Each structure stands twice: as C-alpha cells, then as structure tokens.
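Structure first, then comments.
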Amino acid sequence: MREINGRTRVCGLMGYPVEHTLSPLIHNTLAQELGVDMAYVPFSVEPGRLKEAVEGARALNLAGLNVTVPHKREVISCLEQIDPLAQKVGAVNTLVRCGDGFKGYNTDLTGLQRAMKEDGIELAGERVILLGAGGAARAVAFLCAYAGVSEVWMLNRTLKKAQAVAAEVNQAFGRECIHGLALSDHEKIPKGSYLAVQGTSVGLFPHVEDVVTGDAGFYQKIHTGYDLIYRPSATKFMQLVRAHGGKAYNGLKMLAYQGIQAFELWNGVAVERAQAASVMKKLKEETGAHE
Ligand code: ATR
C-alpha cells in the first residue's frame, strides 16, 4: 500500500454488502503500478441510504466511485450526467466527477468488451449465443446490440424472460437482433460458428459440476466461450467448450477490466497490458485460480 498523505485522492465502492469485494485489490494494485497517489476503500451503503451517500461523496470531494449491488439502477437518479450505453442498460457501476456532481458509466460492459478484444474477439458482426436472461445476461444483450453483433440467440430456462429481454433490447436499438429461445430448444439455433457467453449462475462454486446443457451438438457450434463466472476458474461450461475444440475464458479478465476502465476514467491515465497483467496475477492469487 502506498503512503497516504494530504494530497491522496480517495475513491471507493458503494454496495451492500461489500465485505467480499476484489475492487480494493484491483485499484490499489493499479495505483502502485502506475504511481498514482490514490487510495480505494469499501463503503457499506445500506439500501435506502444511497442518495445520502452520493451527496456525502460530493461533499467529501471523493475522486470517483464504483457502485454495486443493490444500487446500480437507483444510482442513476443521483447523477448529473450519464454515458449513453449505461443509460440504455439502466445500470451504472462507475461514477466520475463532473463539476459538482458525478457522471455515470457502465464499465462492467465496456470492460467485458475490452477483455474480449484482448482475447482477439470483436463483437461487431459476430453471431452470439447468450445463456441466461437475468441481470447479467440482460446487460450483455445490450452490449451486443450496442457493439453491432449480427445476431444473438438468448437461451433461458424460462422462455418468457428471454423473450421479454429480447423485445426490450430490440426496441431500444430499433433492430431485431436478439432472439429469445427456451434452453431446451437450443437445436433450433441455425448451423454456424458462434461466440457463446455464459451469463447464468449455473456452475458457480461450490456447484462446479453443474452446466446449463451437456449436449455435444450445442458445443459443436461454439468457437469461443466466455463464462461470466470466475469461481471456479474453469467451469464445466468452459471444459465442454474446450473438449469440442473451442477456446474458453472465465470472467476474471472482465472483472479486471471493469476496474481498469474505472481507474482510467478517474485518473486520466491509460493502463498498459503489462500493468493489467499485474492486476490479473493478483486476482488469480486471491481467487485461487490456477489456469
Ligand atoms: P444475475 O443477476 O447474476 O444475472 P439472476 O438475475 O438471478 O442473476 O439470473 C440468473 C440466471 O440464471 C437466469 O437466467 C436463470 O434462469 P431463469 O430465468 O429461468 O430463472 C438462470 N438459472 C439459474 N439457475 C438455473 C438452472 N438450474 N438451470 C438453468 N438456468 C438457471
């Protein structure tokens, strides 16, 4: 940890609970690596006290904030400005000072996009299979439409939820690019080579043997699989993608890059790959990932 002095900029995370967050590790590592005089701390903000907390942050002249569960939606009403993607999704995880207030961004999504880019994946023009229709998958569906994918097959156990999200995203972008489908109907996805994003909670530690589908025909269509889960480091989904010849990645790089992009916004710096690699190394050590 760097020494704190009278000029140290303070950033932090507002959430409830915050005890298990990895964000202080990400940001304090970056501050050290880049020689930025900034400290990052967790703030436990109870539901119902968010507005007070944001006002307090303004008064305390905090340099920037991350926002997590359960405040990502509600925080929008506390902002001066909002980035267009964050506005469309209706969720903000990063607050950057603008004048006397804050501007909101969603670096969960731009971080995923950057993590993919580093792994050689450009979303523009991709054919995508998206597993799930909960909060995380819904946000990825917005990112896909925003980034110009050619189509998304959104598979969910509960068909109605996939259909509702598909309709919402298609309407927001004025094009029919998201198709909702029941998980059990996955063989209806046209033949082809797809990027798959695993956005359900299935396979999360300690249920490491669980997977949304074990069907070989499904995995044969996947050239690259991203699991948003990072515990365990290789989920059953990732193992099956690899067993059928595809590449597979977990959600740790996405986690790193949502932090890196927030750090860049707060400090006006560019984080280089080698510095990002230091963050990944620390995260792997902390989560016990051995990939
Ligand atoms: P998050 O905010 O992490 O996305 P969520 O909103 O609770 O969490 O969404 C969980 C997702 O995992 C949903 O898509 C859910 O499917 P349903 O909409 O049918 O509930 C999916 N999910 C959870 N358990 C599942 C299971 N055993 N099999 C298939 N899908 C499952």
Side-chain angles (χ1 to χ4, degrees), residues 13-18 20-23 47 66-76 85-86 88-94 106-113 115 128-146 152-170 178-189 194 196-215 217-219 222 225-233 235-241 249-255 258 287:
L13 170 70
M14 300 194 301
Y16 192 85
V18 289
H20 299 293
T21 178
L22 292 166
S23 289
N66 282 135
V67 181
T68 189
V69 179
H71 303 307
K72 286 189 188 187
R73 183 171 281 275
E74 194 194 336
V75 76
I76 292 174
L85 174 61
K88 275 211 152 92
V89 181
V92 159
N93 80 317
T94 299
N106 191 316
T107 69
D108 288 331
L109 293 180
T110 52
L112 173 61
Q113 192 175 15
V128 179
I129 295 174
L130 176 52
L131 297 169
R138 175 184 167 278
V140 173
F142 272 95
L143 173 67
C144 286
Y146 176 82
V152 176
W153 295 89
M154 179 178 239
L155 299 180
N156 199 43
R157 177 178 60 181
T158 314
L159 172 62
K160 274 200 169 140
K161 269 166 77 177
Q163 288 172 329
V165 173
E168 186 192 2
V169 180
N170 289 338
I178 320 274
H179 312 284
L181 210 59
L183 205 46
S184 50
D185 278 341
H186 68 76
E187 71 284 354
K188 289 187 181 162
I189 297 174
Y194 293 83
V197 180
Q198 202 302 106
T200 78
S201 46
V202 180
L204 188 62
F205 183 84
H207 307 287
V208 299
E209 287 304 317
D210 290 358
V211 64
V212 277
T213 176
D215 201 333
F218 174 77
Y219 292 96
I222 299 175
Y226 273 87
D227 204 320
L228 301 188
I229 292 173
Y230 55 83
R231 266 193 192 111
S233 58
T235 60
K236 190 83 186 174
F237 167 79
M238 290 167 61
Q239 292 171 28
L240 288 168
V241 169
Y249 303 96
N250 65 28
L252 207 61
K253 200 180 265 184
M254 171 192 181
L255 176 72
Q258 64 73 31
T287 57

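All ligand and atom numbering here is 1-based and tracks the order in the structure. Side chains are part of it too, since the values below use all heavy atoms of this structure and drop only hydrogens, waters and symmetry mates. Please read these numbers as outputs of a predicted model, since none were measured by experiment.
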Does the side chain of N250 pick up a donor-acceptor pair with the side chain of S233 at under 3.5 Å?
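Short answer, no.
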A side-chain contact here means heavy atoms from C-beta on lying under 4.5 Å apart; do [X] and [Y] qualify?
X    : Y    : value
V212 : F218 : no
T235 : V211 : no
L22  : L255 : yes

Can you sort out which atoms of ligand 1 are near [X], meaning under 4.0 Å from one of its heavy atoms?
X    : value
A136 : 1 (P), 2 (O), 4 (O)
G135 : 1 (P), 2 (O), 4 (O), 6 (O)
G132 : 14 (O)

Ligand 1 versus [X]: contacting region, heavy-atom distance under 4.0 Å:
X    : answer
V202 : side chain
A133 : backbone
T158 : both
K161 : side chain

Minimum distance, heavy atoms only, to atom 21 (C) of ligand 1: which one of L131, L228, T200 is it?
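Of the listed residues, T200 has the closest heavy atom.
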Going by the closest heavy atom to atom 13 (C) of ligand 1, which one wins out of L155, V69, N156?
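Minimum heavy-atom distance to atom 13 (C) of ligand 1 goes to N156.
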If we ignore hydrogens and angles and just use 3.5 Å, is the side chain of [X] paired with the main-chain N or O of [Y] as donor and acceptor?
X    : Y    : answer
N156 : A133 : yes
N106 : L109 : yes
D227 : M238 : no
N170 : I178 : yes

Which residue owns the protein heavy atom closest to [atom], what's the atom, and how far is it?
atom                    : value
atom 20 (O) of ligand 1 : R157 NH2, 2.8 Å
atom 10 (C) of ligand 1 : S201 OG, 4.1 Å
atom 5 (P) of ligand 1  : G134 CA, 4.0 Å

Would you please classify the geometry between the Y219 ring and the F237 ring as parallel, tilted or perpendicular, with 30° and 60° separating the classes?
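Rings of F237 and Y219: tilted, as their planes differ by 30° to 60°.
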May I ask whether atom 7 (O) of ligand 1 is less than 4.0 Å from at least one protein heavy atom?
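Protein heavy atom within 4.0 Å of atom 7 (O) of ligand 1: absent.
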